[in-house]
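What follows is a single structure, written as structure tokens, with notes after it.
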Amino acid sequence: MADDVRELLLSTTADADPSTPLSAPDLRLLIDRLRIRSDRLHASALSFASSHRAPLAAALLRAADSSASSSSLESSLASALAPLSSSPGLSDLRELSDRLLAARRELRERQEHLAAASSVADLAARLRAARASPDPLAAAAAAAELKPLLVDPEGSGSSQDEPVVFGLLRNEWEQLVDELQVMLAKNLEECVEFAPEGGKVVVRTAPVGKSGGTPGVELRVALQALEIIDAVDYGMTKLADLMIKHVLVPAISNISVAVSVEALEKSGPQYPISILCVTPTEELQGYKDGSALYSRIIDIFKFVCETICGENITWMQSFSKLTWSRISDLVIKHFISKAVPHEASKLIEFQDVVRSTTEFENTLRNMMFISHDKRDGKLTQFVDDVEVHFAVRKRNEILVKARHLLVHYDYDNPLASHDREDSIVDLLFLPEKCFISKSALQLMKLVHGALKDACLSSARVAKELCYAARDALLLYKAIVPVQLEKQFDSINQVAAIIHNDFYHLSQEILGLAFEYRADFPGDLQKLVVFVDLAPTFSQMADGVLTRQIQLVTANLIEAIDGADGFQNTHQPQHYESAKFSIEQVVFILEKIHIMWESILPRSIYKRSMCYILGSVFSRITKDMLLIDDMAAEETLQLQGLIHLALENLSSLFLSLVENEFLDHQTWIELDEIIRPLKKFRKLAELLDMSLKSITAAWESGELTNCGFTSSEVSE
């Protein structure tokens, strides 16, 4: 209808927008059209009813009859139920029905209880029969059949809701299984006899006597029974331990002596006997690659497989599970680890060991003694990683040697060596020599040896060797300063030598990259770095020397302080005190001169002595310039003290220059490298100059060039 009205609207406003409101004439026209349309529909309905009058009337009659029948049935049902609702016997029927249902439930419960009691009786009877059975196979089979009935398959134990009797039956079943396991394991022990001295095992198909007071069973039957109750591992445990102890350990650990395996078959009056003997022999064939050792082990396995396990794969795999890990460890300990070469050049020879080991494990896999799992390929994994083992061993050897020579070197007498000249080495980046300790010399030999081997090795080995070289150098830094801490707190040659060690090592470290990097395997050329260690060693050298210079300077200042500022030297007592102070200063300086000149590098010795002399001359000059109102005799005494110091230090001065005599040119050179010396020498001249001459020297700038200030000259 909505669509028809929409059509009428569109027809009346065909040219207009549908959203535009209709005008009054349009609305009247629409109403007229709707009325006409309604009349047409009414006429059409009347026409249809007239033409189908008979079918419509029949349908209406059927509907009326159905309604009347439904009402009749309803009234009949109500009449039938009315007597029952008013009958006094209805409650009795209901009570009887309830009693019947209760009786049925009770009967069902009693039937269930009877079935349970019957099951318990049957289980108990079967347990008694199994325990009483003389046949271990029958007893084991009965125990296996009872297991799913008494034991939770998920292994969660007994249920809290089950009857107590089932718990008792389960305990009895467990006791039965334990008794079977113990009896059968004891039977196995009696079938397999080991010689107390080792190297011999006797296997009988059945025990000679009785096992646990009962007749023994055949070895095969005992293992079958153990397999039925899933206890083969239990029965094999002690047997495997004894086989390891008495047979396999002697056969593997005596690898330096060739060992043969001989199996002898003997027939006794009742049961056949098999004997395996491990006996020493002089044959050494196949020793280097391990083939003889592997052949012996395979022969032992074959003997176990044939005589003990009866070629049963399950039993053999149980024996393997209990022994293979320990056998692998024994082979690695007594053969493979010892066969790992000590030199990188011999790694190629180890390939024979790799080949024979691989063949050995493949043979065991074909025998189904071990699986294809990686965990069973322990030997192959070890030999495949031989480069790593070699590198680790080499690294440990280098570090052990480095630590030993550093810890046990006699630093108290470093110059007492007969081959002292070997300890005088050239510095790598300076045209100088210095004296180093034997420990540093031997340490660098270790480092160079490791890096040379690294250049000839694979990347994995080279990496370990390079790290070993780094660690050896770091050992020196970690051990020596701590070991010689007390020596560093006093003035001695040991401290100077340790300075040289650190300085030499820092130079050598800088040169390692230039010497070896190009020959390293490609992957290591950027990975391995040594240059980062050089600053640390250089700083350690500077620290040791700086500490020594501080100690020397402190001793010199203490000696100068004994002069009491060089006051009143015209008095004999004060003069002697000042003279003794100067002599002490000269003594200390000469001691340092003798101690350092033959040890320190030339440039470092010269720089250190110039610094110390400069501090001494500066302090003496300062003290003398602070003296007020010098008497004429006092100036002469001070001048004499200055000349005394300069004369007694002549040998020290000559050690700082290339000249053999202290001529005018030498003094000029000394004044250049020891700036306070020029001022010190000029002070001796000033003490003998008149005021006029001093003024003229100041005005000419001569005193300024010597380092004097206006305040010092005016005072």
Side-chain angles (χ1 to χ4, degrees), residues 344 387-388 391-407 409 425-432 434 436-485 488 495-548 600-601 603-604 607:
E387 288 186 340
V388 176
V392 170
R393 172 193 282 182
K394 196 70 176 177
R395 180 177 182 176
N396 292 337
E397 289 177 356
I398 292 171
L399 295 180
V400 168
K401 289 180 181 179
R403 186 182 182 280
H404 182 270
L405 67 90
L406 292 175
V407 170
Y409 180 71
V425 297
D426 294 317
L427 293 175
L428 199 58
F429 294 99
L430 289 175
E432 299 178 359
C434 71
I436 64 172
S437 67
K438 289 290 184 183
S439 62
L441 191 67
Q442 293 171 7
L443 180 67
M444 282 312 302
K445 287 182 179 179
L446 276 177
V447 170
H448 283 293
L451 296 180
K452 287 177 181 178
D453 288 342
C455 295
L456 302 174
S457 305
S458 64
R460 288 197 298 180
V461 176
K463 181 179 178 181
E464 291 294 329
L465 293 175
C466 289
Y467 285 148
R470 280 181 60 94
D471 291 344
L473 292 169
L474 290 173
L475 275 179
Y476 188 93
K477 174 178 173 289
I479 293 175
V480 174
V482 176
Q483 190 173 355
L484 303 178
E485 186 176 3
F488 292 165
I497 292 174
I498 298 305
H499 160 271
N500 287 356
D501 285 355
F502 276 113
Y503 192 69
H504 171 68
L505 291 175
S506 69
Q507 298 254 312
E508 290 291 319
I509 289 169
L510 288 173
L512 293 178
F514 298 99
E515 188 172 358
Y516 296 106
R517 176 170 293 176
D519 296 326
F520 283 161
D523 296 340
L524 292 184
Q525 292 183 1
K526 295 182 179 179
L527 181 63
V528 177
V529 179
F530 290 93
V531 69
D532 61 307
L533 301 179
T536 302
F537 280 76
S538 180
Q539 290 170 8
M540 294 292 292
D542 292 342
V544 173
L545 184 60
T546 300
R547 177 61 177 157
Q548 289 292 294
L600 293 177
S603 61
I604 294 178
R607 183 174 67 249

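The first residue of the sequence shown is numbered 1, and numbering continues consecutively from there. All values reported here derive from a predicted model rather than from experimental measurement.
Remark: Glu397 pairs with His342, Arg393, Lys394 by the side-chain contact (heavy atoms from CB on, under 4.5 Å) rule, at least two apart or across chains. Evaluation of the side-chain contact (heavy atoms from CB on, under 4.5 Å) rule for Ala454 yields Ala462, Leu465, Cys466, Phe520 as partners, not counting sequence neighbours. By the side-chain contact (heavy atoms from CB on, under 4.5 Å) test, Ser439 pairs with Leu405, Leu406, Tyr409, Tyr411, Ser437, Tyr476, Asp501, sequence neighbours left out. Residues satisfying the side-chain contact (heavy atoms from CB on, under 4.5 Å) criterion with Ala496, sequence neighbours excluded, are Trp596, Ile599, Leu600. Remark: Tyr516 pairs with His448 by the ring-ring contact (aromatic ring centres under 6.0 Å, His included) rule, at least two apart or across chains. Residues meeting the salt bridge (charged side-chain N to carboxylate O under 4.0 Å, His left out) test with Arg470, sequence neighbours left out: Asp532.
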message = Between Ile436 and Ile497, is the side chain to side chain contact (heavy atoms under 4.5 Å, CB included) condition met? List the steps.
response = CA-CA 6 Å; Ile436 64 172; Ile497 292 174; 5.6 Å; no
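Without hydrogens or angle criteria, Glu508 side chain to Met444 main chain gives no donor-acceptor distance under 3.5 Å. Remark: the backbone N or O of Ala534 is not paired with any side-chain donor or acceptor of Ser538 at under 3.5 angstrom.
Tyr503 has its side chain out of reach of Cys434: every pair of non-hydrogen atoms, C-beta onward, lies at least 4.5 Å apart.
Here the closest heavy-atom approach between residue Asn500 and residue Pro601 is recorded as OD1-CD, 3.3 Å.
When each of Ile398, Ile509, Leu473, Leu505 is checked for a side-chain contact (heavy atoms from CB on, under 4.5 Å) with Val447, only Leu473 meets the rule.
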